[in-house]
Amino acid sequence: MPRESFSRKPHKTERTCVNDLTLMTSDEPTPAMQNPEKDPRNWTTGEEPMTGPQRSYLRTLCREAGEEFDPTLTKAAASKKIEELQAKTGRGK
C-alpha cells in the first residue's frame, strides 16, 4: 500500500526563522592579523618531514631552477627553499 505523506505545519507557538549570523569583530588587530606569517624556525612542527604538497611544489621549482631536489628537507627547510626558488624562478609572490 502506498504511504501517505503529511507535511507538518508549525504549531501556533512555534516560530520558523532564518538563522541570521552577525559577527562582531574588534577594531584592534589580533596578533595573528598583525603578523600572519610565522618564521619557519619558530614552527612547532618545523622539524617534521616536509608535507606532500611541499614536496610536489619543491620538485617543480627545483626542476625549473635547474637545482637538485633534496627529499630529506624538514617542513621549515622546505618552506625556506620554496621561497628561495620562487624568487629565483619568478614564481609565487
Side-chain angles (χ1 to χ4, degrees):
M1 267 181 103
R3 293 183 118 177
E4 293 183 45
S5 64
F6 296 95
S7 63
R8 180 180 173 279
K9 292 184 181 177
H11 189 271
K12 288 180 183 178
T13 60
E14 290 179 59
R15 288 191 223 174
T16 57
C17 65
V18 175
N19 289 333
D20 289 330
L21 179 62
T22 303
L23 296 176
M24 308 264 315
T25 57
S26 169
D27 291 338
E28 298 289 321
T30 65
M33 292 173 174
Q34 292 171 350
N35 186 11
E37 292 186 29
K38 234 182 188 179
D39 187 327
R41 293 174 297 192
N42 297 330
W43 292 355
T44 56
T45 60
E47 293 305 312
E48 292 179 5
M50 73 176 104
T51 65
Q54 279 181 313
R55 179 179 301 277
S56 176
Y57 188 44
L58 193 52
R59 274 193 179 132
T60 300
L61 289 172
C62 284
R63 186 174 54 250
E64 288 180 5
E67 292 194 16
E68 191 172 324
F69 172 72
D70 180 358
T72 65
L73 294 177
T74 63
K75 284 182 183 179
S79 179
K80 287 289 189 186
K81 188 68 175 176
I82 286 170
E83 288 178 6
E84 173 192 322
L85 293 176
Q86 282 178 328
K88 185 175 181 179
T89 63
R91 269 186 167 243
K93 299 178 181 180

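Checking side-chain atoms of Glu48 against main-chain N and O of Thr74 turns up no donor-acceptor pair under 3.5 Å. For Glu64 (side chain) and Leu61 (main-chain N/O), no donor-acceptor pair under 3.5 Å exists by modelled atom type.
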With side chain to side chain contact (heavy atoms under 4.5 Å, CB included) as the test, would you mind laying out the steps for Leu73 and Gln54 before giving the verdict? CA-CA 10 Å; Leu73 294 177; Gln54 279 181 313; over 6 Å; no
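Summarising the geometry, atom CD belonging to Glu84 is positioned 10.5 Å from atom OG1 belonging to Thr89; distances are rounded to the nearest 0.5 Å. In this structure, OH in Tyr57 is found 13.0 Å from OG1 in Thr51, a value given to the nearest 0.5 Å. Between the CG atom in Asp70 and the CZ atom in Arg59 there is a gap of 11.0 Å [rounded to 0.5 Å]. Atoms CE and CD1, on Met50 and Ile82 in that order, are 8.0 Å from each other to the nearest 0.5 Å. Distance check: Arg55 CZ to Phe69 CZ gives 4.5 Å after rounding to the nearest 0.5 Å.
Remark: Glu67 pairs with Lys81, Lys88 by the side chain to side chain donor-acceptor pair (under 3.5 Å) rule, at least two apart or across chains.
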